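Have a look at the structure below, then the notes.
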Amino acid sequence: ECNYLMQSTGSSGINAEYGGVLNYFQHYKSIHLLSDVERLLEGQESNDSNEPPTSCNQEKSGIWKYVYLYKMPHLTQEQLIGFSTKYKYSAIDTSPLSKYVMHPLWNWGVTFFPTWVAPNVMTFAGYICLLIDYCLLAHYDWFFTAENDPQEDGIPRWVWFVVAVLHAASHHLDGMDGKQARRTGSGSPLGELMDHGIDSNCMWMLPVTIMSILGSSPENGGVSMELAPVLMLALTFNFWVNHWEKYNTGVLYLPWMFDIAQ
């Protein structure tokens with residue numbers, strides 16, 4: 001293999017031009033070849049030669065490493081079969097607000113979406129709404145000082161109106177994307193990963209909004225910048241524990257404060 005790679009990329013070394021390397025692996029994807037690559041990374045002998053060429057040994061920590069990681073199977077076949085045959089999203093939400101207000105509202109609202117709209121598109125649209133909120137508040141209140149002095153104008157009122165509308169839209173899209181997935185029969189582990197992965201990314205945007213509302217002056221009822229990291233860590237820890245519980249039990253138990261906080 002090493003001789004072929006050197007001929008494909010030139011005698012100056014594998015890292016000089018690695019287009020031939022990628023083409024080579026595109027056509028030869030056998031497990032035998034991957035085991036050879038692993039042995040090269042470890043400095044061992046290849047199956048097809050007594051000793052790999054010196055230039056390969058010198059470059060084995062370069063392009064070899066990335067090609068091997070790209071081709072390495074991160075999930076076993078048994079795990080992949082489990083995704084397709086055993087996967088089922090399970091969540092329990094006993095909050096009266098969710099049970100009697102939000103879920104009926106989302107069940108009604110999701111009917112306005114065509115069935116060809118992918119749930120992941122709704123998830124991503126909700127993320128964009130929160131991202132716009134963050135950009136607006138960061139532009140007008142980067143240091144969380146705009147609301148410290150009640151006598152000053154602070155953040156324009158139209159910004160708060162846009163932030164409120166987009167935040168509500170994001171929350172409702174986050175509640176309806178799963179219902180759209182079950183409605184269209186397109187629920188999948190990838191959808192859950194994207195939904196909750198984006199949730200974890202959006203989680204820090206909520207305290208940022210609260211900081212802009214209250215300001216950073218404790219004298220005026222704000223949250224000091226010393227306490228801001230504690231607030232972020234508390235939210236992160238609760239999010240992690242919630243999903244750690246889901247990982248071990250298979251059921252996501254949603255806290256009562258989820259919809260109330262939104």
Side-chain angles (χ1 to χ4, degrees), residues 74-76 78-134 163-210 231-262:
H74 296 281
L75 295 175
T76 65
E78 183 180 359
Q79 290 171 326
L80 292 174
I81 294 175
F83 276 139
S84 61
T85 60
K86 301 178 182 178
Y87 170 78
K88 182 180 179 182
Y89 178 73
S90 179
I92 295 179
D93 189 355
T94 59
S95 167
L97 177 61
S98 300
K99 187 175 180 180
Y100 298 109
V101 179
M102 303 310 300
H103 284 292
L105 176 63
W106 293 335
N107 287 332
W108 172 75
V110 75
T111 60
F112 290 92
F113 287 88
T115 55
W116 51 263
V117 175
N120 286 346
V121 172
M122 299 170 65
T123 303
F124 188 71
Y127 173 68
I128 294 299
C129 289
L130 283 185
L131 193 61
I132 294 173
D133 281 358
Y134 170 76
V163 167
V165 171
L166 291 179
H167 187 91
S170 175
H171 180 54
H172 293 312
L173 287 169
D174 186 43
M176 289 187 291
D177 56 1
K179 297 184 181 298
Q180 177 75 348
R182 290 182 284 277
R183 177 184 174 217
T184 58
S186 56
S188 67
L190 177 62
E192 182 179 352
L193 175 63
M194 181 171 181
D195 187 3
H196 295 173
I198 285 181
D199 286 344
S200 67
N201 188 257
C202 294
M203 180 184 56
W204 59 271
M205 297 184 188
L206 292 177
V208 166
T209 304
I210 294 173
L231 179 63
M232 299 288 292
L233 288 174
L235 289 171
T236 303
F237 178 76
N238 281 293
F239 188 90
W240 180 84
V241 168
N242 210 25
H243 285 78
W244 176 79
E245 181 183 38
K246 197 264 182 186
Y247 175 80
N248 286 280
T249 64
V251 179
L252 179 65
Y253 294 91
L254 295 173
W256 276 30
M257 287 302 295
F258 176 70
D259 286 310
I260 296 175
Q262 295 288 336

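All residue numbers refer to positions in the sequence shown, counting from 1. None of the values given here were measured: they were computed from a predicted structure.
A distance of 4.0 Å separates NE2 in H171 from CH2 in W106, rounded to the nearest 0.5 Å. Once rounded to the nearest 0.5 Å, the distance linking OG of S95 with CE of M102 reads 9.5 Å. Here CG of N120 is found 10.5 Å from CZ of F124. Values are rounded to the nearest 0.5 Å. The distance from atom CZ of R182 to atom CG of D177, rounded to the nearest 0.5 Å, is 8.5 Å. Distance check: Y127 OH to D195 CG gives 13.5 Å after rounding to the nearest 0.5 Å. Between the OG1 atom of T209 and the CG atom of L130 there is a distance of 7.5 Å, given to the nearest 0.5 Å.
The side-chain heavy atoms of W240 and S200, taken from C-beta on, include no pair separated by under 4.5 Å. For the pair L252 and Y89, the minimum side-chain heavy-atom distance is below 4.5 Å.
Checked by atom type and distance alone, the side chain of T123 pairs as donor or acceptor with a backbone atom of P119 at under 3.5 Å. Side chain of N248 to main chain of W244: a donor-acceptor pair is present (N/O by atom type, distance under 3.5 Å, no hydrogens or angles). No side-chain donor-acceptor contact under 3.5 Å links N242 to the backbone of N238. When atom types are taken as modelled, the side chain of Q180 and the backbone of P114 share a donor-acceptor pair closer than 3.5 angstrom. At least one donor-acceptor pair closer than 3.5 Å links the side chain of N107 to the backbone N or O of H103.
Of all non-hydrogen atoms in C129 and S170, the two that sit nearest each other are CB-CB, 4.0 Å. The two residues T115 and T184 make their nearest non-hydrogen contact at O-CG2, 3.5 Å. Nearest heavy-atom pair across M122 and L173 is O-CB, 3.8 Å. Counting all heavy atoms, side chain and backbone alike, W204 lies closest to V208 at O-CG2, 3.3 Å. Looking at every heavy atom in both residues, P104 comes nearest to K99 through CD-O, 3.5 Å. Of all heavy-atom pairs between L105 and H172, the closest is CD2-CE1, 3.8 Å.
Annotation: F239, atom CZ; neighbour count of heavy atoms from other residues, nucleotides and ligands within 6.0 Å is above 12.
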